[in-house]
Amino acid sequence: MSPAPTFTSAFLQTLQARGYVHQISHPEELDQAAAAGVVSAYIGFDATASSLHVGNLVSVMLLRRLQQAGGKPIVLMGGGTTKVGDPSGKDATRQLLTADQIDANIDSIKQVFGKFLTFGDGPTDAVMVNNDAWLSRFGYIEFLRDYGVHFTVNRMLTFDSVKTRLEREQPLTFIEFNYMLMQAVDFLELSRRHGCALQMGGSDQWGNIINGVDLIRRVDQRPAFAVTTPLITTASGAKMGKTAAGAVWLNADRLSPYDYWQFWRNTEDADVGKFLRLFTDLPLDEIAVLEALEGAGINEAKKVLANEATALLHGRDEAERAAEAARRAFEDGAVSGDLPSIDIPAAALAAGVPLAVLAVDAGLAPSRSEARRLAQGGGLRVNDKQEPDAQRLITAADIGEGGMIKLAAGKKKIVLVKIVGP
RNA sequence: GGGGGAAUGUCCCGAGCGGCAAAGGGGGCGGACUGUAAAUCCGCUGGCUACGCCUUCGCAGGUUCGAGUCCUGCUUCCCCCA
């Protein structure tokens, strides 16, 4: 996909070598700029959910690479653009969020960036801005006169985000149609306010980004560049980070460090090298060694991946705890307090609780019927013993080592039941 | 404006003589095999106070012992004519 030119700047060399590059708008010019001084670049993040997920992680890592290479990262929170909704890659209009929801989401999302970037006032310190600051201030006619004149509908209709909607004869509302203008104006504003010369993003953002590049070059005659990352898929073709349990969230309150670690640990063999390059800071030569491991040996590489990726997000301590909990659970068959757990009152246990109820409470099955089927299929274990009868009452007699009851659905999902209270 | 078609299991695609909890895929989950991988094979894939009960086929009515299936109206989408 990429022309694979040789770059002189550390930044682009790294991006190229680690697999972040899908498209670059003016490669030579950007390379020179990056080699010559501090490049300031931004990535925009929607505020459609209360947490980012692994799908956003490539972008976050991209900003990290920028900072590591001596650039200045700008995190743009899409407080304003989220009010409009990006039609890219969606075949239906999405529900509009209220301003309050958006603000709450931004608050919740913010914290994650501190783990990956250094914020501050220095020349290469990261900054965070919210495009609501300028977008919500425009008057309609003012906006049209200042920016609308630079966009032709003829050209807007050629963008994929618009074209696919029209081709599928799905409605594209006027508000969505405006999204690309707003994103272009964002880039222009950041160029003026922060000297931002580069916008990065996923490959689906290429059209949106190029609009901004063109706008800046036309209106201000200033340099502007675009870099997009490839869509990260697993080797078997699935979009990364979608599991039945839901998205792989970055916020700890939506996905525990243990589960996050497990997500990486369960990477397919064929993806280990790619993920190590994208999602860890390990040097490329170390990755090459890990990637070359064969057979069961590659499990070691997966553990390194899980450790490093989890350490970046949740800290080294949490990563080690997750790794240790996993090691004991999967390699020793023992339990440790760091496994996911639920509490049950001793009184309830004395009366006996049907296994199906417990399994649902533990999140191992979505319904009692499902728990029943799971048990019948041999997928439900109590203290490592298959239990085909989900009706069976779990009582104090089932308390195992550590004074807890170990429930498992399948080989990978383990939940400890801790007994509390009278 | 006129004519013709479509909407199915709350993940998707899709079959469905008036007896239907509804064929078949995909996906997902579980089992076996492995290495917490992939591939392969097998099972499961509406809920519940469970030999029964309840809720499901765009929406609202109707015919019928009985409706996803027939009738009427409505909504949305597609195709053809103007």
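By convention in this document, chain letters (A, B, ...) are assigned in the order of the sequence lines, proteins followed by strands, and residues within each chain are numbered from 1.
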Enumerate the protein-to-nucleotides 45-48 of chain B contacts in which both atoms are nitrogen or oxygen and the separation is below 3.5 Å.
{"residue": "B:G47", "atom": "OP1", "partner": "A:S367", "partner atom": "OG", "Å": "2.8"}
{"residue": "B:G47", "atom": "OP2", "partner": "A:R373", "partner atom": "NH2", "Å": "2.4"}
{"residue": "B:C48", "atom": "OP1", "partner": "A:R368", "partner atom": "N", "Å": "3.4"}
{"residue": "B:C48", "atom": "OP2", "partner": "A:S369", "partner atom": "N", "Å": "2.9"}
{"residue": "B:C48", "atom": "OP2", "partner": "A:S369", "partner atom": "OG", "Å": "2.5"}

Would you list the protein and nucleotides 51-53 of chain B atom pairs, both N or O, that sit under 3.5 Å from each other?
none

Evaluation steps, side chain to side chain donor-acceptor pair (under 3.5 Å), between A:Q68 and A:D281
CA-CA 10 Å; A:Q68 287 168 338; A:D281 282 345; 3.3 Å; yes
Basic-acidic side-chain contact under 4.0 Å: A:D259, A:R265:
no
For A:W261, answer base if it contacts any base atom (sugar-phosphate contacts may also be present), sugar-phosphate if it contacts only those atoms, and nothing otherwise; contact means non-hydrogen atoms under 4.0 Å. base
Taking N or O atoms only and anything under 3.5 Å, show me the protein contacts with nucleotides 30-32 of chain B, one pair per line.
{"residue": "B:G30", "atom": "OP1", "partner": "A:K413", "partner atom": "NZ", "Å": "3.4"}
{"residue": "B:G30", "atom": "O2'", "partner": "A:G377", "partner atom": "O", "Å": "3.3"}
{"residue": "B:G30", "atom": "O2'", "partner": "A:G379", "partner atom": "N", "Å": "3.4"}
{"residue": "B:G31", "atom": "OP1", "partner": "A:R381", "partner atom": "NH2", "Å": "3.1"}
{"residue": "B:A32", "atom": "OP2", "partner": "A:K411", "partner atom": "NZ", "Å": "2.7"}

A:D269 CG to B:A37 C1', in whole Å, measures 4 Å
Taken to the nearest whole Å, CD1/A:I298 to C1'/B:U34 is 15 Å
A:N251 meets the side chain to side chain donor-acceptor pair (under 3.5 Å) criterion, sequence neighbours left out, with A:S51, A:S108
Residue pair A:Q262, A:F330: steps toward the side chain to side chain contact (heavy atoms under 4.5 Å, CB included) verdict
CA-CA 11 Å; A:Q262 283 296 317; A:F330 290 104; 3.6 Å; yes
Check your understanding: So, A:K406 and A:E401, do they make that salt bridge, N to O below 4.0 Å?
Key -> no
Sorted by chain and residue number, the side chain to side chain donor-acceptor pair (under 3.5 Å) partners of A:R327 (sequence neighbours excluded) come out as A:E324, A:D332
A:K303 meets the side chain to side chain donor-acceptor pair (under 3.5 Å) criterion, sequence neighbours left out, with A:E300, A:E331
Go through the N and O atoms of the side chain of A:E331 and the base of B:U36, and report whether any donor-acceptor pair is under 3.5 Å. no
>> Mind checking if A:G297 touches a base, just sugar-phosphate, or nothing, with heavy atoms under 4.0 Å?
In response: nothing
- Contact class for A:Q376 (heavy atom, under 4.0 Å): base, sugar-phosphate, or nothing? nothing
For A:A329, answer base if it contacts any base atom (sugar-phosphate contacts may also be present), sugar-phosphate if it contacts only those atoms, and nothing otherwise; contact means non-hydrogen atoms under 4.0 Å. nothing
*Ionic contact status for A:R328 with A:D338, cut-off 4.0 Å*: no
